[in-house]
Every structure is written in structure tokens, then in C-alpha cells.
Amino acid sequence: MLSVLLSLNLSHLGLWASGLILVLGFLKLIRLLLRRQMLARAMDSFPGPPTHWLFGHALEIQKTGSLDKVVSWAHQFPYAHPLWLGQFLGFLNIYEPDYVKAVYSRGDPKAADVYDFFLQWIGKGLLVLHGPKWYEHRKLLTPGFHYDVLKPYVAVFNNSTHAMLDKWEEKAREDKSFDIFCDVGHMALDSLMKCTFGKGNSGLSHRDNSYYLAVSDLTLLMQQRIESFQYHNDFIYWLTPHGRRFLRACQEAHDHTDQVIKERKAALQDEKEQEKIQNRRHLDFLDILLGARDESGIKLSDAELRAEVDTFMFEGHDTTTSGISWFLYCMALYPEHQSRCREEVCEILGDRDSFQWDDLGKMTYLTMCIKESLRLYPPVPQVYRQLSKPVNFVDGRSLPAGSLISLHIYALHRNSSVWPDSEVFDPLRFTPENVATRHPFAFMPFSAGPRNCIGQQFAMNEMKVVTALCLLRFEFALDPLQPPIKMPQLILRSKNGIHLRLKPLHLGSGK
Ligand code: HEM
């Protein structure tokens, strides 16, 4: 009798549960449809490329060459066009300086529809936060990028680069091309950990290596998630093999950051170490985080601390890796600019073997070439916002609050109305006279406005030291059989790596 009653109750419960799931699913669908209607209506006055009835523009975006596809759409639709990732997520994709200024000079929050995908991995750190919490953290962390803090990092960049170049010396002996991306990535992670996380002088450990691989996996999975509407819902995503792979890679990344925090906390118990920190005039990034107190004297919570470490660990190395690798590719592609940069840095270095802080300001031509490569190959090709209030654009069109914006930095940087012969590599675009006559929002590798990149000075310094040392040790040439295939993976990567041929130069300096 009891078992009959129990099975009756269980079957009732099953029915109720299925009913409830159906109702909740139905309500969710209505909400999605209403939102779709709102987003579509808001973008009514913006024509765009034809959309697939189910995937929107996602199929085009997922294809190889999608970045250049958007550039061709930008020719067709001069200011902006709707961009649908599936049927429910629609952005106004913008790539015209006045349009960009209208949005990016304000402090609108990041689009949660995209940035929430980061939460499991980097938590609510500076990249994702908004409102008073973001302001508080930005104010707290800005001194970590003060000029006096950045100065000693130049020596770290020199050392990490020399270690990478010694490795390349071996590889170059084989007289064939190799993929430079991964070595640059290890070097950039090593520098970052030494500068901002107080890592000692040893090279990368096994754990650091696993972290590097995990980030590569995470960025790939995140990009695929953004582009695939079927992965947008959290509940569904975590049930898929894709979602579970993401969780495993997150675990790998968190193990690494937890270890970094644990080691520094342990060092702080040591009196000598504490004394060293107190004697330093400026604290590094991790010191600041560990010592941080808000107005009521409350420390950052463990989750907040971990989120900031995860955010900076990722943002601080993957972006510069992309920037340096694509720069070296540009040098191989344009040997005349390569020689001119080499002559300049050779003269600056003289008979020394490492660069110093004062040298950085003298690298005029190299800096223009770095900027031109950041224009053609922006390490962060696309960023997203959600409007907190309506915006009016220069041509009289407007968007209401709640609309989603995608800033396509890659297409902005190749917009031929601002950049004549936009596909041509021409560093002279960045002479002071040419910069003065250009729209201030035409070049945005580090974004702009209040949510710009906090690490841009760090990044520019690193790029200058690393690339200058590379050019002094090697001549870079293309491998015509393996041209890179541009691929957005949160940062700009190449699907098949960046294969270059390196010829040692033995210039007598630079080592
Ligand atoms: C070439 C190298 C770099 C490029 C091109 C770059 C680019 C960017 C861009 C475009 C943004 C805006 C992101 C958005 O709106 O979603 C950003 C934000 C940010 N970047 Fe960088 N970045 C670089 C290097 C770095 C470095 C070295 C660090 C740290 C050491 C860093 C830390 C951050 C952080 C924390 C944010 C969020 C800032 C905020 O919202 O307040 N970046 N970066």
C-alpha cells in the first residue's frame, strides 16, 4: 500500500515538476521575444546585412575571415549596422569615430550578455565590474601603474626577453620557420608575474605553463560561446561538454592564481619581507590588493581579491602577447620598416646590452610602427556596452537606453573614411602632425573614456623593450607557406600560429 501511495506521489511530483519547467520555459521565451522586439525596434533605422532566420549573423561571424567580413559590411553600411548572434542577442555594431565617441566618452556599463560569460573565470574584477564598486577598485589599483612603479619593470622586460631570445637562438639554428606566439606568451606571462605579482627570478614553472594553456582554452571557448546562441543560457551551457571543458580550464586557472596569492600571503608573514615592502616607495599590484581597506577599514574579500588577480593575470599577458607577435609579423612583412626600427634602436642602445627607462622616449620610429601594427592588428578586436541612457548620433539617428553596442575596433581601424589606403602599413600616420589632424576616437587599441585600459602604459613599455631587443638579435622574415590566419579569440590570434624565419644578426649589442 505504502509503495503504491509513494509511486502515485512520485508520479504526481514528476507531473508538477514537468509542468513547472514548461511554465518557466514559456515565461523565459516570452521574455526573450519581448527583448528581441525591443532591440530590433531600437535598431529600426539602421540597415544591415541579411540575417539567417535562426542564427542571425553568427554563421558568418564564426567563419575564418570574419574580421574582414565585418570590414566589408562597414563599407556597405558606413556608420553602423545591426549584428545578431542568434535571434535574441542583437548589437549595434559601430566603427565610425563620431559614433564611437558618442558611446565611449560616457561610462556605460559592459554588456552583461557577453561579460557575464567571464564571471566563472575572472569573477567580478575591474574588467567586468560597474558602478561604485568599479570606481572604488579603479581608484585603488591606479597607483599600481604609477610611473615610479613602472620604471623598475624595464629591467624585468629586458631579462625575460633575453631568456626568450636565447631560446630562439637555438631554434634559428634549425634554419626553418617556427611559431613565435607561444614563446612570446610565456615571456609575457613571466614578465607580468615578476612585475605585478612579485614572482622570483626563476623561469615559468609547470603550473605557470598549465595556466598558459588553460587561458588559451578559455579564450577559445568564450569566443565560441559568444558566437553560439545555443550556449548563451547558463543552465544549458554547464550541461554541455563545451561548458564542462570550460569549468575544467577555470579550475586550472584558479589553482594557479590561488597559489600566487597563497605564496605572497605566506611571504608577508615573514618579517624581513614585510620590512622590504614597507621600505619600497611604491607598492606593486599585489601589495596594493592585499593591503587594501575601504573607508570603513574593511579588507577586500577573498572573492574580490581572486577576481582582480585573475583579471590582471589574463589581461596583463594575453593582450601584450598578441601585440608583440603581430608586430613582429608586420616587421617581417615590411623589411624596410624593420631596418629603420633596427637602426634607431641600435643607435639608442650603443654598446650596452639592455634598455633603460630613459631610452623608451627616444624610440620614435619604433613607437610609430608599434602603433601602426596595433591599428592593423588590434589585440582586442571588439568590446561591448549596454546603454544606461539614450544616445543621439551625429547623423540624427539615436538608440534608447538598454540597447547593446559592439565597438568593432578592428573595423574602426580599417575604416577608409578616416584611414586613407587603410590596408597599407604606414607608420607615418602616427607623426604628431598627422595625429593632431585625426579624429581622437579613430584609434582605440586600448579603448577610450573612463573604461579605457588601465595597463596601457605598462603594455607600451613592454612592447617597446621586447620588440627593440628582438630586432637587435634577429632579422625576421615571412614563411610564405604558412601565412597567419587572423582569428578573434577575445584577443586577436592566428588560427595556425605566427610562423616566422629568424636570422641571427650578431650586432654586438642587444645581448
Ligand atoms: C597591448 C596590450 C593591451 C591592449 C591592446 C589592451 C586593450 C584593452 C581594452 C581594449 C580594454 C577595454 C576592454 C573592454 O571595454 O571590455 C582594456 C581594459 C583593461 N585592461 Fe588592457 N590592454 C592591454 C594590456 C593590458 C595590461 C598589460 C594590463 C594589466 C597589467 C591590462 C589590464 C586591463 C584591465 C584591468 C582592463 C579593465 C579596465 C577597466 O574597465 O577599468 N591591459 N584593455
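FYI, side chains are in, hydrogens and waters are out, and symmetry mates aren't considered; it's all heavy atoms of this structure. Order of listing sets the numbers, starting from 1, for every ligand and every atom in it.
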Novice: Looking at Arg414 and Glu423, is any side-chain nitrogen of the basic one under 4.0 Å from a carboxylate oxygen of the acidic one?
Specialist: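 Counted as a salt bridge, because a side-chain N and a carboxylate O are separated by less than 4.0 Å.
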
Novice: Can a donor-acceptor pair be found, under 3.5 Å and without considering hydrogens, that links the side chain of Thr257 to the backbone of Ala253?
Specialist: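 Yes, the answer is positive, given that a donor and an acceptor are paired below the 3.5 Å cut-off.
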
Novice: Can you name the one residue among Asn93, Ile94, Leu89 that meets side-chain contact (heavy atoms from CB on, under 4.5 Å) with Phe91?
Specialist: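 Of Asn93, Ile94, Leu89, side-chain contact (heavy atoms from CB on, under 4.5 Å) with Phe91 is met by Leu89 alone.
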
Novice: Under the criterion ring-ring contact (aromatic ring centres under 6.0 Å, His included), which of Tyr377, Tyr410, Phe425 is the partner of Trp326?
Specialist: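 When Tyr377, Tyr410, Phe425 are each tested with Trp326, the ring-ring contact (aromatic ring centres under 6.0 Å, His included) holds only for Tyr377.
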
Novice: Tabulate distances under 3.5 Å between N/O atoms of ligand 1 and N/O atoms of the protein, writing both atom names on each line.
Specialist:
{"residue": "ligand 1", "atom": "15 (O)", "partner": "Arg385", "partner atom": "NH1", "Å": "3.0"}
{"residue": "ligand 1", "atom": "15 (O)", "partner": "Arg385", "partner atom": "NH2", "Å": "3.0"}
{"residue": "ligand 1", "atom": "16 (O)", "partner": "Lys110", "partner atom": "NZ", "Å": "3.3"}
{"residue": "ligand 1", "atom": "16 (O)", "partner": "Tyr115", "partner atom": "OH", "Å": "2.6"}
{"residue": "ligand 1", "atom": "20 (N)", "partner": "Glu315", "partner atom": "OE1", "Å": "3.1"}
{"residue": "ligand 1", "atom": "40 (O)", "partner": "Leu126", "partner atom": "O", "Å": "3.4"}
{"residue": "ligand 1", "atom": "40 (O)", "partner": "Arg451", "partner atom": "NE", "Å": "2.9"}
{"residue": "ligand 1", "atom": "40 (O)", "partner": "Arg451", "partner atom": "NH2", "Å": "3.1"}
{"residue": "ligand 1", "atom": "41 (O)", "partner": "Trp134", "partner atom": "NE1", "Å": "2.8"}
{"residue": "ligand 1", "atom": "41 (O)", "partner": "Arg138", "partner atom": "NH1", "Å": "2.7"}

Novice: With Arg340, which residues qualify under salt bridge (Lys or Arg N to Asp or Glu O under 4.0 Å), at least two apart?
Specialist: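 Residues passing salt bridge (Lys or Arg N to Asp or Glu O under 4.0 Å) with Arg340: none at all.
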
Novice: So does Arg35 pair up with Asp113, basic N to acidic O under 4.0 Å?
Specialist: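 So Arg35 pairs with Asp113 through a salt bridge.
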
